[in-house]
Amino acid sequence: MEKLILIDGNSIIYRAFFAMPPLNNSSGLHTNAVYGFTNMLLRLIQDEKPSHIMVAFDAGKVTFRHEGYEDYKGGREKTPSELTEQFPLTRELLDSFGICWFEQPGYEADDIIGTVSKQAEEAGKEVLVVTGDKDMLQVVSDKVKVALTRKGISEVEPYGPQEIKERYGLIPEQIIDLKGLMGDASDNIPGVPGIGEKTALKLLHQFGSVEEVLARTDELKGKMKENLVQHAEDARLSKRLATIHREVPIDRSFDDMIFRGLKEEKAAPMLRKLEFKSLLERLAFGEGTEASEAADGSVELEEVDVTVVDDTTLTELVKQLPKIEVMYVESHGDNPHQAEVMGLILSTEEQHFFVSNEFLLSEAAKPIREWLADPQHPKAGYDLHRADLALYWQEISFAGAEHDIQLAAYLLDPTDNNQTISGLAAKYKLPSVPSDDEVYGKGAKFKIPDQETLSRHLARKGLAMLRLIPLQKEELKKNEMNRLFYELEMPLSRILADMEKQGIAVNREALAELGREFEAQIEKLETRIYELAGLEFNLNSPKQLGEVLFDKLELPVVKKTKTGYSTDAEVLDKLAPYHEIVQFILEYRQLAKLKSTYVEGLLKEIRPDTGKVHTYYRQTIAATGRLSSQFPNLQNIPIRLEEGRKIRQVFVPSEEGWHILAADYSQIELRVLAHISDDKGLQEAFLHDMDIHTKTAMDVFGVTQDQVDANMRRSAKAVNFGIVYGISDYGLSQNLHITRKEAAHFIEQYFEAFQGVRRYMDEIVQEAKRDGYVTTLLERRRYLPEINASNFNLRSFAERTAMNTPIQGTAADIIKLAMVMMDEVMRKHGLKSRMLLQVHDELVFEVPPEELETMNKLVPETMEKALKLSVPLKAEVSSGINWYEAK
DNA sequence: TTGCTCACG
DNA sequence: ACGTACGTGAGCAAG
């Protein structure tokens with residue numbers, strides 16, 4: 001069937017402008033909105049494959065709507081000139097793409113789209129309308145879908161009649177009634193005072209239309225009735241204003257809207273003028289790329305040769321083994337401890353060798369396994385950490401990792417969200433590598449392909465890796481990251497794998513018993529809650545819980561989420577005085593979390609063969625340089641509340657009579673801040689090893705140590721947290737439940753007392769604006785492209801990130817250094833103790849009794865000398881028969 | 001798959 | 001136009 005895409009040009013460009021960071025070409029032309037628009041357009045073309053496209057624009061300032069209502073769209077901010085200049089550019093771009101656009105004085109883009117969609121529907125075409133304006137939902141029908149933009153313009157959410165029904169409980173035509181009642185501040189449409197979306201929907205569900213509501217106000221009561229009677233005319237007017245006019249005179253035919261694909265000779269010069277290099281690349285209009293891509297996005301791939309290793313070709317490989325430059329183990333499954341190895345590729349400049357897992361495990365492949373296990377054979381490849389683990393569980397050793405492409409890519413840009421070989425190949429403009437999803441299918445569709453397809457895919461990866469390595473080496477050097485990469489992250493990668501293979505023992509019976517205790521309490525709470533509510537419902541459903549609390553029990557609504565009432569702990573705390581049910585719900589939540597996540601979740605992760613849990617530390621996820629932990633996450637085991645803290649009792653030594661030893665850094669982030677800000681007061685406090693929150697309270701409130709009460713210390717502690725996070729008065733006010741003004745006052749007092757910190761915060765933001773990135777003490781780098789955004793939120797977020805990342809990231813650098821040093825020192829002393837876990841500022845070991853004394857000294861000493869700062873680092877150690885007791 | 005909630009540093 | 005403290009992962013409900 002023919003498919004027509006109708007785009008509200010004004011709406012999309014407007015949104016793109018605010019969603020995208022500023023961008024201009026070398027002649028100073030602002031291009032961010034055009035860029036966002038073009039990106040979306042190309043994505044739509046690729047995904048929807050339309051036969052027809054038209055883009056509608058608003059023309060002129062005054063429309064027929066102003067005739068009935070002069071204030072229509074009154075009170076709007078003037079459009080910034082940076083945006084205005086991008087409208088003609090967009091039209092020019094559409095011309096160069098051969099895409100039809102249209103505007104009609106006196107009408108808005110809405111009306112044009114309404115008219116064309118109606119005509120198209122009548123002509124039997126399928127229509128997709130793309131806009132950011134919810135009003136448009138009124139034109140939805142079986143044939144016409146409306147895609148609303150979300151999160152700026154990066155995503156769209158398609159609405160058909162069904163989706164509108166689900167979201168609002170209305171038919172599309174009723175959208176105008178909704179608007180009539182609630183109005184629209186952005187268009188200065190008044191609506192009825194006191195009626196928002198919630199009430200409007202309730203009324204429409206009862207009466208069906210604005211007219212019907214107004215005719216039957218006698219069935220209503222109270223303030224709402226008064227408002228409806230008094231503002232009846234406003235409601236009628238608002239409904240008229242919101243109604244899309246579907247009979248606009250339009251001098252374009254469907255034939256004008258036919259889309260025939262991009263023509264390089266027309267589109268490319270325009271894209272070059274705008275300097276949209278990435279789009280030119282994507283469309284393969286430029287030259288120099290070895291793979292050619294057609295305008296519809298399909299890619300023609302280069303051929304690769306690959307030698308499948310079997311009994312006859314093995315000798316050929318064995319001869320080449322010393323010359324292998326890159327390797328890659330393909331495995332399937334998220335958890336590398338349970339991943340299924342699909343095959344191995346070993347590449348030289350001349351040749352790619354594919355080794356199936358079956359062959360790798362066979363007797364004949366012994367030389368390959370020996371090569372993998374030999375640390376004297378240095379290896380480069382992609383995600384060697386995962387390879388190590390996947391091979392380990394099928395009893396193949398791995399050693400000698402020297403350059404991990406994934407890890408290098410992470411250091412070069414930790415926030416790059418496509419650190420796959422395929423993504424990196426595209427980023428560096430190498431011959432393209434199809435994505436794994438394309439080759440294997442994703443989700444339920446995943447399938448291991450035939451050997452030829454698999455080996456060819458892996459050979460392409462091999463080729464890309466060969467090319468990537470020298471490029472990365474050069475960039476690492478340029479960024480002064482050689483030490484960080486070769487002396488910290490690469491060695492750490494092997495240490496993490498060792499810790500993960502070791503795992504930590506879990507007392508299954510004790511855990512199950514805890515689960516039974518939680519369950520008994522949960523059952524009691526459930527009974528009590530259902531009694532108080534007067535009905536049984538799914539307590540785990542925020543939606544149902546919201547209905548019980550706010551509709552049935554009519555508790556005051558404190559906060560809303562996108563989809564309904566918020567019922568989070570903060571809200572429940574506020575509701576506690578109103579109804580005793582609330583306290584029980586809070587307790588239920590706490591215990592339900594413990595049972596499902598920490599008892600049942602953990603039980604599932606215990607490996608039957610080892611009786612341990614083997615977490616997987618991901619070294620390439622966190623933007624700040626921290627590790628993350630999965631399957632299970634052992635970095636968020638409860639500690640703050642006693643009930644949850646008990647979970648730690650089940651983490652035990654794996655050998656009889658051994659001890660669990662835990663050591664954590666004291667105030668590492670504030671110590672790092674004292675160092676990098678060079679704030680004398682803060683440094684002084686740590687040199688004397690003072691209680692930092694008390695010291696902060698003294699300076700902020702201008703009192704002596706004796707005068708600091710618990711409340712002052714608590715506030716000071718919150719301020720210290722805030723400082724580390726990149727403080728905002730709003731954030732602090734939320735945390736301390738004080739007004740924004742009071743929070744701002746606190747912050748000002750803090751900065752008066754710690755002027756070095758103020759200077760640091762100012763300078764780091766300036767640095768980020770100048771360089772586009774911030775760094776840690778070890779030159780770990782994080783780019784902040786939104787630091788110069790005109791959008792306040794985006795910019796503010798980037799500014800707070802600029803303040804926080806060097807602090808959090810340097811702390812991460814330090815504990816990573818400590819881990820590498822600990823590993824080395826334990827080897828040197830020939831200790832049997834084992835490092836098991838890292839929890840951001842804490843290291844956990846299991847220690848035989850005869851080494852306890854040694855480790856009690858060695859661990860904190862090593863941690864404290866990991867990096868020399870202008871203030872001492874302090875680590876506190878403790879041990880016990882399980883993790884709980886090591887406190 | 002997305003959104004909510006909540007566990008940790 | 002839009003909503004916030006920084007950084008994560010997991011379980012559950014519901015689309």
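Note that this is a predicted model, so its numbers are computed, not measured. As a basis for the values below, the full set of heavy atoms in this structure was taken, side chains included, without hydrogen atoms, waters or symmetry mates.
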| query | So, is A/Arg800 near the phosphate of C/dA5, with a side-chain N or O under 4.0 Å from OP1 or OP2? | reply | no

| query | Side-chain donor or acceptor of A/Gln635 under 3.5 Å from a matching atom on the base of B/dC8? | reply | no

| said: By the 4.0 Å heavy-atom rule, please label A/Gln544 as base, sugar-phosphate, or nothing. | reply: sugar-phosphate

| said: Looking only at the side chain of A/Glu600 (C-beta and beyond, no hydrogens), which of the listed nucleotides C/dC6, C/dC12, C/dA10 gets closest? | reply: C/dC12

| If you check the A/Phe631 side chain, which of B/dG9, C/dA10, C/dA13 turns out closest? | C/dA10

| task | Answer with base, sugar-phosphate or nothing: what part of the nucleic acid does A/Ala569 contact at a heavy-atom distance below 4.0 Å? | result | sugar-phosphate

| Closest to the A/Thr567 side chain, choosing from B/dT5, C/dG11, C/dG7 | B/dT5

| request: In whole angstrom, give me the gap between the P atoms of B/dT5 and C/dA5. | output: 13 Å

| query | Without hydrogens or angle criteria, can the side chains of A/Ser666 and A/Asp664 be said to hold a donor-acceptor pair below 3.5 Å? | reply | no

| Basic-acidic side-chain contact under 4.0 Å: A/Arg758, A/Glu748 | yes

| field | Closest to side chain of A/Arg626, choosing from B/dG9, C/dG9, C/dC6 | value | B/dG9

| query | Of all the nucleotides listed (C/dT4, C/dG9, C/dG7), which has the minimum atom distance to the side chain of A/Asn636? | reply | C/dG9

| query | Of the nucleotides C/dC12, C/dG9, C/dA5, which one has an atom closest to the side chain of A/Asn540? | reply | C/dC12

| query | Does the ring center of A/Phe537 lie less than 6.0 Å from the ring center of A/Tyr530? | reply | yes

| task | State whether the distance check finds a donor on one side and an acceptor on the other, under 3.5 Å, for side chain A/Asp841 versus base B/dG9. | result | no

| query | From B/dT5, C/dA5, C/dT4, pick the nucleotide closest to the side chain of A/Arg740? | reply | C/dT4

| task | Give A/Val724 one of three labels, base, sugar-phosphate or nothing, depending on what nucleic acid heavy atoms sit under 4.0 Å from its own. | result | nothing

| said: Which nucleotide wins on minimum distance to the side chain of A/Ala623, given the candidates B/dC4, C/dC2, C/dT8? | reply: C/dT8

| said: What contact category does A/Ser796 fall into here, base, sugar-phosphate, or nothing, at under 4.0 angstrom with non-hydrogen atoms? | reply: nothing

| said: On the side chain of A/Arg640, is there an atom forming a donor-acceptor pair with the base of B/dG9 - under 3.5 Å, no angle test? | reply: yes

| Lys/Arg N to Asp/Glu carboxylate O, A/Glu643 vs A/Lys593, below 4.0 Å | no

| request: Just jot down the side-chain contact (heavy atoms from CB on, under 4.5 Å) partners of A/Phe721, sequence neighbours excluded, or say none. | output: A/Lys717, A/Tyr725

| query | When we call it a touch if two heavy atoms are under 4.0 Å apart, what does A/Gln630 touch: a base, just sugar-phosphate, or nothing? | reply | sugar-phosphate

| request: Check every atom of B/dC4, C/dG7, C/dA10 against the side chain of A/Asn633 and return the nucleotide holding the closest atom. | output: C/dA10

| message | Looking at C/dC2, which nucleotide sits across from it as a Watson-Crick or G-U wobble partner, both distances under 3.5 angstrom, or is there none? | response | none

| Whole Å only: how far is the CD1 atom of A/Ile815 from the C1' atom of C/dG7? | 14 Å

| query | With rounding to whole Å, what would you report as the distance between B/dC4 and C/dC2 at their P atoms? | reply | 16 Å

| When all nucleic acid strands are considered with a 4.0 Å heavy-atom cut-off, which category describes A/Thr805: base, sugar-phosphate, or nothing? | nothing

| query | Which part of the nucleic acid, if any, lies within reach of A/Asp568 when heavy atoms closer than 4.0 Å are counted: base, sugar-phosphate only, or nothing? | reply | sugar-phosphate

Only distances under 3.5 Å count here; give the side-chain donor-acceptor pairs of residues 734-743 of chain A to other protein atoms, sequence neighbours excluded, each with its distance to 0.1 Å.
residue, atom, partner, partner atom, Å
A/Thr739, OG1, A/Glu742, N, 3.1
A/Thr739, OG1, A/Glu742, OE1, 3.2
A/Glu742, OE1, A/Thr739, N, 2.9

| message | Using OP1 and OP2 only, check whether a side-chain N or O of A/Ser596 sits under 4.0 Å from C/dA10. | response | no

| What does A/Leu627 touch in the nucleic acid at a heavy-atom separation under 4.0 angstrom: a base, only the sugar-phosphate, or nothing? | nothing

| said: Does A/Phe797 reach a base, just sugar-phosphate, or nothing at all? Heavy atoms under 4.0 Å. | reply: sugar-phosphate

| Selected nucleotide, minimal atom distance to A/Pro638 side chain, candidates B/dA7, C/dG7, C/dC6 | B/dA7

| query | Looking for any heavy atom pair under 4.0 Å, which part of the strands does A/Ala798 touch: base, sugar-phosphate only, or nothing? | reply | nothing

| remark: Assign each of A/Ile723 and A/Lys543 the nucleotide of DNA chain C bearing its closest heavy atom; nearer the 5' end lies the nucleotide of A/Ile723

| request: Would you indicate what A/Gly722 reaches in the nucleic acid, counting non-hydrogen atoms under 4.0 angstrom: base, sugar-phosphate, or nothing? | output: base

| task | List the steps, then state whether salt bridge (Lys or Arg N to Asp or Glu O under 4.0 Å) holds for A/Glu600 with A/Lys595. | result | CA-CA 6 Å; A/Glu600 285 157 4; A/Lys595 179 156 182 277; 2.9 Å; yes

| task | Mind checking A/Ile621 for me? I need base, sugar-phosphate or nothing, with any heavy atom below 4.0 Å counting as a touch. | result | sugar-phosphate

| task | Would you indicate what A/Ile727 reaches in the nucleic acid, counting non-hydrogen atoms under 4.0 angstrom: base, sugar-phosphate, or nothing? | result | base

| message | Counting the atoms with a prime plus P, OP1 and OP2 as sugar-phosphate, which does A/Asp664 contact under 4.0 Å by heavy atoms, base, sugar-phosphate, or nothing? | response | nothing

